Amino acid sequence: MPVTKADKTKQYIIEKVAPFFNKHGYTGTSMSDITKATGLTKGAVYGNFENKEDLAIKAFNYTVKTRLWPVIEAINSQQTGVAKLRALTDFYRNYYDHVSEYGGCPVLNVGIDSLNHNHALYNRVVSVIGKMTKGIQEVIEQAQSEGSIKGELDARSYASKIYAQIQGSIFMAVVCKSNENMKNMMDHIDLMIDREMKN
């Protein structure tokens with residue numbers, strides 16, 4: 001299906017306003033921010049989206065895709081389960097550099113911002129967290145099937161533990177404006193893999 005002018009306009013708006021939503025949140029991003037970022041009128045913006053919430057969700061989806069897709073590519077570039085886990089920690093070692101100019105991690109930013117303010121956006125964040133955790137679980141299960149990770153280990157529990165440690169270190173990295181906490185936590189996760197998880 002060919003890309004229409006309307007499709008291009010929607011994409012343009014999303015790309016321009018996504019950093020504002022990521023940095024300032026749903027409530028902190030005003031209509032004047034949106035019109036200033038896009039150079040379009042309020043009518044032109046809302047002629048392409050149902051409302052501000054619809055735009056915020058689509059902007060979040062775009063930010064997740066552009067900020068988190070590289071980690072999925074890094075994982076998928078490896079063949080074995082353990083190599084995929086190493087690719088995960090290798091990617092996040094320098095994650096602050098990857099998201100600092102964009103205002104930080106979209107999952108962390110939007111999750112906190114939407115928790116008590118925007119139910120639909122919050123549900124979208126929870127869905128992304130679920131998918132990320134499930135992806136780690138599937139990698140662990142692959143490694144179990146290959147015999148490199150203990151078969152009796154609870155893959156779901158360890159996936160949740162790994163993802164929680166990643167998000168905690170992202171918070172520290174963004175607040176402290178440094179990759180140091182990311183690197184230290186990824187080293188810790190690698191040790192956990194070696195000492196607790198591997199056969």
Side-chain angles (χ1 to χ4, degrees), residues 18-19 22-23 59-115 121-199:
N22 196 50
K23 288 178 182 179
F60 172 71
N61 291 341
Y62 169 78
T63 304
V64 166
K65 181 179 179 181
T66 56
R67 300 299 108 180
L68 296 182
W69 184 249
V71 70
I72 296 171
E73 290 183 321
I75 291 169
N76 289 341
S77 70
Q78 302 299 318
Q79 298 299 314
T80 68
V82 168
K84 288 179 179 182
L85 289 173
R86 299 294 189 209
L88 175 73
T89 56
D90 284 345
F91 174 83
Y92 277 109
R93 274 187 174 82
N94 297 299
Y95 187 66
Y96 175 72
D97 290 340
H98 183 60
V99 298
S100 58
E101 290 186 9
Y102 212 76
C105 176
V107 174
L108 185 63
N109 289 359
V110 179
I112 293 171
D113 177 69
S114 65
L115 182 60
L121 197 53
Y122 168 75
N123 285 340
R124 182 70 190 108
V125 174
V126 171
S127 174
V128 171
I129 291 172
K131 288 178 180 178
M132 293 295 290
T133 307
K134 180 66 174 175
I136 298 171
Q137 178 182 337
E138 289 172 353
V139 169
I140 294 171
E141 289 170 347
Q142 177 188 336
Q144 287 177 313
S145 70
E146 294 164 348
S148 53
I149 294 290
K150 296 173 183 175
E152 69 276 12
L153 182 141
D154 187 334
R156 182 179 178 182
S157 175
Y158 269 87
S160 295
K161 187 185 298 186
I162 288 170
Y163 191 67
Q165 290 177 108
I166 288 171
Q167 282 299 325
S169 63
I170 290 172
F171 172 79
M172 292 296 293
V174 171
V175 170
C176 298
K177 299 181 179 180
S178 169
N179 274 316
E180 183 179 358
N181 288 291
M182 296 295 309
K183 291 177 179 178
N184 289 340
M185 184 55 73
M186 296 312 107
D187 289 346
H188 172 76
I189 293 173
D190 282 344
L191 281 174
M192 182 176 72
I193 292 167
D194 289 337
R195 294 177 180 178
E196 295 182 29
M197 299 172 66
K198 288 176 73 174
N199 266 325

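Just the heavy atoms: all of them, side chains too, but no hydrogens, waters or symmetry mates, feed the values below. Just so you know, these numbers come straight off a predicted model, no measurement behind them.
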> When rounded to the nearest 0.5 angstrom, what distance separates CD1 in Ile75 from CZ in Arg86?
Replying inline: 13.5 Å

>> If the condition is ring-ring contact (aromatic ring centres under 6.0 Å, His included), which residues does Phe60 pass it with, not counting sequence neighbours?
In response: none

>> Applying ring-ring contact (aromatic ring centres under 6.0 Å, His included), can you list everything that pairs with Tyr163, at least two apart in sequence or on another chain?
In response: none

N/O donor-acceptor pair under 3.5 Å between [X] side chain and [Y] backbone:
X	Y	result
Arg156	Gln137	no
Asp190	Thr89	no
Lys150	Glu196	yes

> Is the Lys NZ or Arg CZ of Lys161 less than 6.0 Å from the centre of Tyr158's six-membered ring, within 45° of the axis?
Replying inline: yes

Of all heavy-atom pairs between [X] and [Y], which one has the smallest distance, and what is that distance?
X	Y	value
Thr63	Pro106	CG2-CB, 3.5 Å
Asn94	Lys183	OD1-CE, 3.5 Å
Ala159	Ile140	N-CD1, 3.8 Å

> Within a reach of under 6.0 Å around CD of Glu73, are more than 12 heavy atoms found that belong to other residues, nucleotides or ligands?
Replying inline: yes

> Would you say the side-chain atoms of Glu138 and Gln142 include a donor-acceptor pair closer than 3.5 Å?
Replying inline: no

